[in-house]
Amino acid sequence: MDQTPIGRMESEFRAKRADGRKLLVPYITGGYPGWQEAIRACAANGADAVEIGIPFSDPVMDGPVIQEASQAALDAGITPMAILDEVPDLDVEIPLAVMTYYNLVHHPGPERFAASLQRAGIAGAILPDLPLEESGPWCAAADEHGIETIMLAAPTAPDERLPLVAARARGFLYSVGLLGVTGERTSLAETATDLAARLKAITDVPVLVGVGVSNAEQAYQASRIADGVIQGASMVRRLMESGPDAVGEYVAEVRAAIDA
């Protein structure tokens, strides 16, 4: 049994869940104009944590909205370290995680990348293209530096695999709502609640549904089964179209819906 201590994000999430609160984690593309104010707006309007996307040139999980925001940030010369250097100045009271791709970890090496996250005050990391079977070196470095590795569980995963993914998850378990890339959909996929229910049956780690949770109503539906939701494309679209204040207003709308 792994004896890694429970980190800040997971302990806060467990405490909030015990109080009956559903968890809301917006995703914001780091480096896109207004990203810092968008994160502050999320925190001020009821987000329980924020996922900061570190743009990468080949984002296999990201749909067109997040790809567009990431490309704009890359075109402006944004680097991973430039984003991490800004994190301490965000001055928010909620935990922050990064989401990026393993190439950006592999280049400096897991140890240096984990240390850079720790210095910035990041609580967790999501690496969607890092399979469980190859996650050992990263997880060891992350554990050493107090970074919670948020594992992803896919709706296609066989029953025997899910406990292995859940056992390695820290912070929360990311229940992938549907096959495909991130983006807004007209309805919540049945796979979203099905997988969340499967995960809730086998783990005590908080289970949050992401990918395809597109509005307040779908967030409400998903959070009836799961412990909460992650919302990316619907957040980033508002940031791109209307700016950080619109993100804050949307977070407040979703918060009200899942609290109902």
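Distance alone, capped at 3.5 Å, places no donor-acceptor pair between the Ser70 side chain and the Gln67 backbone. Asn215 places a side-chain N or O within 3.5 Å of a backbone atom of Glu217 that can act as its donor or acceptor partner. Proximity of a side-chain donor or acceptor of Ser223 to a complementary backbone N or O of Ala226 within less than 3.5 Å is not detected. Judged by distance alone, with hydrogens and angles left aside, the side-chain atoms of Arg224 form a donor-acceptor pair with the main-chain N or O of Tyr220 at under 3.5 Å. At distances below 3.5 Å, at least one donor-acceptor pair connects side-chain atoms of Gln118 with backbone N or O atoms of His145. Side-chain atoms of Glu148 come within 3.5 Å of backbone N or O of Glu10 as a donor-acceptor pair. With hydrogens and angles ignored, the 3.5 Å screen pairs a side-chain donor or acceptor of Arg40 with a backbone N or O of Leu90. With Thr203 contributing its side chain and Lys200 its backbone, the two residues share no donor-acceptor pair below 3.5 Å. Of the possible polar contacts, none joining the Lys22 side chain to the Asp259 backbone as a donor-acceptor pair under 3.5 Å is found. A distance-only check finds a donor-acceptor pair linking the side chain of Asp129 to the backbone of Tyr102 [under 3.5 Å].
In the hydrophobic clustering of this structure, Ile225 does not group with Val205; members are Ile, Leu, Val, Met, Phe, Trp, Tyr whose side-chain heavy atoms approach within less than 4.5 Å, directly or through other members. Under the 4.5 Å side-chain heavy-atom criterion for ILVMFWY residues, a single connected hydrophobic cluster contains both Trp35 and Val50. Leu173 and Val176 are not part of a single hydrophobic cluster, where members link through side-chain heavy atoms under 4.5 Å apart. Hydrophobic clustering (side-chain heavy atoms under 4.5 Å, transitive across Ile, Leu, Val, Met, Phe, Trp, Tyr) groups Val213 together with Leu239. At a threshold of 4.5 Å between side-chain heavy atoms, the hydrophobic network of Ile, Leu, Val, Met, Phe, Trp and Tyr places Leu195 and Leu132 in one connected group.
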Worksheet entry | Audit row: Ile39, Ile52, side chain to side chain contact (heavy atoms under 4.5 Å, CB included) steps and yes/no | CA-CA 8 Å; Ile39 290 172; Ile52 304 171; 3.6 Å; yes

Worksheet item: Does the salt bridge (Lys or Arg N to Asp or Glu O under 4.0 Å) test come out yes or no for Arg14 and Asp19, once each step is laid out?
Response: CA-CA 9 Å; Arg14 284 174 176 269; Asp19 286 340; over 6 Å; no

Item to complete: Please step through side chain to side chain contact (heavy atoms under 4.5 Å, CB included) for the pair Met235 and Tyr27, ending with a clear verdict.
Response: CA-CA 7 Å; Met235 297 284 170; Tyr27 168 103; 5.8 Å; no

Discussion item. Test side chain to side chain contact (heavy atoms under 4.5 Å, CB included) on Val25 and Val229; report intermediate values, then the result.
Written reply: CA-CA 6 Å; Val25 180; Val229 293; over 6 Å; no

Practice prompt. Decide yes or no on salt bridge (Lys or Arg N to Asp or Glu O under 4.0 Å) for Arg161 and Glu133, but give the supporting numbers first.
Written response: CA-CA 11 Å; Arg161 182 178 173 79; Glu133 292 74 14; 2.5 Å; yes

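The distance from atom CG of Leu127 to atom OG1 of Thr149, rounded to the nearest 0.5 Å, is 7.0 Å. The CG atom of Leu104 sits 11.5 Å away from the CE atom of Met81 when rounded to the nearest 0.5 Å. Arg198 contributes atom CZ, which lies 4.5 Å from atom CG of Asp159 (distance to the nearest 0.5 angstrom). Between the SG atom in Cys139 and the CG atom in Leu130 there is a gap of 7.0 Å [rounded to 0.5 Å]. For the atom pair CE of Met240 and CD1 of Ile66, the computed distance is 10.0 Å after rounding to the nearest 0.5 Å. Between the CE atom in Met151 and the CG atom in Leu164 there is a gap of 10.0 Å [rounded to 0.5 Å].
Taking 4.5 Å as the limit, every side-chain heavy atom of Asp227 sits out of range of all side-chain heavy atoms of Phe13. Residues Tyr174 and Ile126 are in side-chain contact: their nearest non-hydrogen atoms beyond the backbone lie under 4.5 Å apart. The closest side-chain heavy-atom distance from Leu24 to Gln231 is below 4.5 Å. The closest side-chain heavy-atom distance from Phe113 to Ser116 is below 4.5 Å. With a 4.5 Å cut-off on side-chain heavy atoms, Ile230 and Glu51 count as touching. Between Tyr101 and Ile54 the shortest side-chain heavy-atom distance does not fall below 4.5 Å. Residues Met9 and Arg170 fail the side-chain proximity criterion, which asks for heavy atoms closer than 4.5 Å.
The shortest heavy-atom contact between Ser214 and Ser234 is O-CB, 3.5 Å. Of all heavy-atom pairs spanning Pro55 and Ile83, the tightest one is CD-CD1, 3.4 Å. Across all their heavy atoms, Ala166 and Ile202 have their closest contact at CB-CD1, 4.3 Å. Nearest heavy-atom pair across Arg255 and Gly46 is NH1-O, 3.0 Å. Taking all atoms of both residues into account, the shortest heavy-atom contact from Ala153 to Leu162 is CB-CD2, 4.0 Å. Scanning both residues, Ala120 and Val87, for their nearest heavy atoms gives O-CG1, 3.3 Å.
For the side chain to side chain contact (heavy atoms under 4.5 Å, CB included) test with Phe172, the passing option among Leu23, Val207, Leu208 is Leu208; the others fail.
No salt bridge links Arg17 with Asp48; every basic N to acidic carboxylate O contact stays at or beyond 4.0 Å. A salt bridge links Arg168 to Asp143: at least one charged side-chain nitrogen sits closer than 4.0 Å to a carboxylate oxygen.
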